[in-house]
There are 2 protein chains.
Amino acid sequence: MTKIRDIAKRAGASIATVSRVVNGSGYVSAEMRARIESAIAELGYTPNAGARMMRSGSSRMVGVLLPALDVHFFGILAHVVEQALFRQGYHAMICSTAESPEHEAAYVAALLSQQVDGVILASVTADSVAVDRLRAADIPIVAMDRALPGLPTVSADHHQGGRLMARHLIALGHRKIAVTGAPGHSAPVQERVAGITAELAEAGLAPLAIRLAADHGFDACRALAADLLTDLAPSALIGTSDMAAIGALHAAAERGLSIPRDLSVIGFDDLPAARYTLPPLTTVAQPIRAIGEAAVHRLVARMRGQPLPPPPDLPLTLMERGTTAPPP
Amino acid sequence: MTKIRDIAKRAGASIATVSRVVNGSGYVSAEMRARIESAIAELGYTPNAGARMMRSGSSRMVGVLLPALDVHFFGILAHVVEQALFRQGYHAMICSTAESPEHEAAYVAALLSQQVDGVILASVTADSVAVDRLRAADIPIVAMDRALPGLPTVSADHHQGGRLMARHLIALGHRKIAVTGAPGHSAPVQERVAGITAELAEAGLAPLAIRLAADHGFDACRALAADLLTDLAPSALIGTSDMAAIGALHAAAERGLSIPRDLSVIGFDDLPAARYTLPPLTTVAQPIRAIGEAAVHRLVARMRGQPLPPPPDLPLTLMERGTTAPPP
DNA sequence: TTGTACGCGTTATCAA
DNA sequence: TTGATAACGCGTACAA
């Protein structure tokens, strides 16, 4: 690997001058700059990040901890965050913990060891030991998607989202409404359920049932909804996520139910897949892009020592598509 | 940040001994080890990666360059690769280039600067300047999903995939077969198209049309298929990806066509979304998990200086679901 | 079995 | 405007 000394030698300059050119700091004559720049181009010099970091104590990197990349929601979120960080001159170190404490601990250690300038915690559970280590390190942190006590958070209002789903069905005239979804241990999911229940209560209603699975895969969601449709006879099903709603659509089809004539189904998230079904899924859209960008915005401010921007307004939108209608 | 000297002081040892404990190298008495370990736990020591890297010249990191994380296929691939690397003791540095040369160049520089031990290039174009820099750096590289000349590659046989799609439709009795898909500039897509054409030719057929869009979003795919159905009257449509096929399903529905009675549709990839449609999509499954794991396997061997394992067998599987049937 | 001392590549300070 | 030099934190020869 060519180093700064090689460039200095080649350009007939000192390493200090090369450093000035590379970092755009201090005064360098035009002629000297040109000589050094061509030396850099010829030899293909890339500054050693380790050495840089050791001097400056900063790596211009931001850790992004999230539970999975193969779940489309988190893939999109990671993408948005990464792009936003890039625009601010930071590199994202994306770590998918696979919901395993072991992974989480290893990644937190790696982030600390890499001297990341900040961390975005996406949908991490509050009682995580690893997160405590991170907090102890006194690095700027922003929680995303799921609030973490004592940490600046950027998250949609899941409670309100639950209300919007219920409100839409109530307005259509539904009274026999059941809730299905996963994963049950997810705080955002629980908040949505609470919002649903609250909105129903205000209309003098209660959910026919609330069934949450541990697994949020397609098959689990479909099986859950199938049982629900067998046991009860709801006129509408609320999925706590698009995944759950799509599973419900399939469970209904298996039982010969026509959507939305015999059964209304509504989801949450508005992932791309919500538009793939036929009819396309009615759902409450979460502004994923805005969430990622706001998280970066708040984090960058803290990393620069600026005052923390206020939590942004992240409006949820009812996307009325083809799976909801008045009850039969 | 606590450093190795702090631990040494606290434990009444020298930094050399602490280093030995941390790295599990050399001899340390049990008593001393216990003292040092408790000091590490109390003070919360994490070795500085920059200093470590400077000494050893290695970062135990592997760069993963891919075009996007918000495209589900790449999100899944990134996840698989990341998990596999983790099991081998490497951390993944996932870089999504957003298909922008500027991003790509910046990330390549970052990878070089981070002294990554190896790089996995997913679906990168061959004529990329950035990649040339990477090759010049003499780091182990493996190309994934899309072959790169002169580099070990792990990729499904897209040509064969094209053949499988065509073969299935031909076997069902279809003769009026059209191809739709995106993005047109993607090499894997072009290979699939070539495979389709070859298989049709062997049956004495030619595609009714081949239409590829630049954009691989849902709307573009649907519009493309809609035009195709208006202009021609195929009995079957081959999507070069699940996305294209799902778009075709919607275009058909808009025109009142019943699937698979009036029109057969087949896709490629077998993403989770292929099962979301009603009826679920018939498609050719690409072994994404095996691809990611094989790429890591080959890369790790090279990083360890071991001989390069042979390219693995990555079988494609026809997933016969609900969108294909004999022609009307 | 443990400790001392050097060098890894940079940046920043200071002097010229 | 440029150059010499001292840290930064760690791993490892080598000495004890």
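Residue numbering restarts at 1 for every chain, and letters A, B, ... go by the order of the sequence lines.
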Within the 4.0 Å heavy-atom criterion, would you say B:Met53 contacts the bases, only the backbone, or no part of the nucleic acid?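 Nothing, no heavy atom under 4.0 Å.
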With no hydrogens and no angle check, just 3.5 Å: does a side-chain donor-acceptor pair link [X] and [Y]?
X	Y	answer
A:Thr46	B:Arg133	yes
B:Arg289	B:Gln83	no
B:Ser128	B:Asp132	no
A:Gln115	A:Ser58	no

Walk along DNA chain C from 5' to 3' and tell me the first and last nucleotide with an atom closer than 4.0 Å to a non-hydrogen atom of chain A.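 Terminal contacting nucleotides, 5' to 3': C:dG9 to C:dA12.
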Any side-chain heavy atom of [X] sitting closer than 4.5 Å to one from [Y]?
X	Y	answer
A:Ser59	A:Asp117	yes
A:Phe74	B:Leu69	no
B:Val154	B:His297	no
B:Ile120	B:Leu65	no

Using 30° and 60° as the class limits, which term best fits the ring planes of B:His103 and A:Phe86: parallel, tilted or perpendicular?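 Ring orientation, 0 to 90° scale: parallel.
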Divergence of helical axes at both termini of the helix from C:dT1-D:dA16 to C:dA16-D:dT1 - five pairs an end, 10° steps: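 Between the axes fitted at each end of the helix from C:dT1-D:dA16 to C:dA16-D:dT1 lies an angle of 40°.
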Tell me, for nucleotides 10-16 of chain D in 5' to 3' order, what letter each nucleotide earns: B for a base near a protein heavy atom under 4.0 Å, S for only sugar-phosphate near one, - for neither? BBB----
Can you name the one residue among A:Arg10, A:Lys9, A:Lys3 that meets side-chain contact (heavy atoms from CB on, under 4.5 Å) with A:Asp6?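 Considering A:Arg10, A:Lys9, A:Lys3, a side-chain contact (heavy atoms from CB on, under 4.5 Å) with A:Asp6 is found only for A:Lys3.
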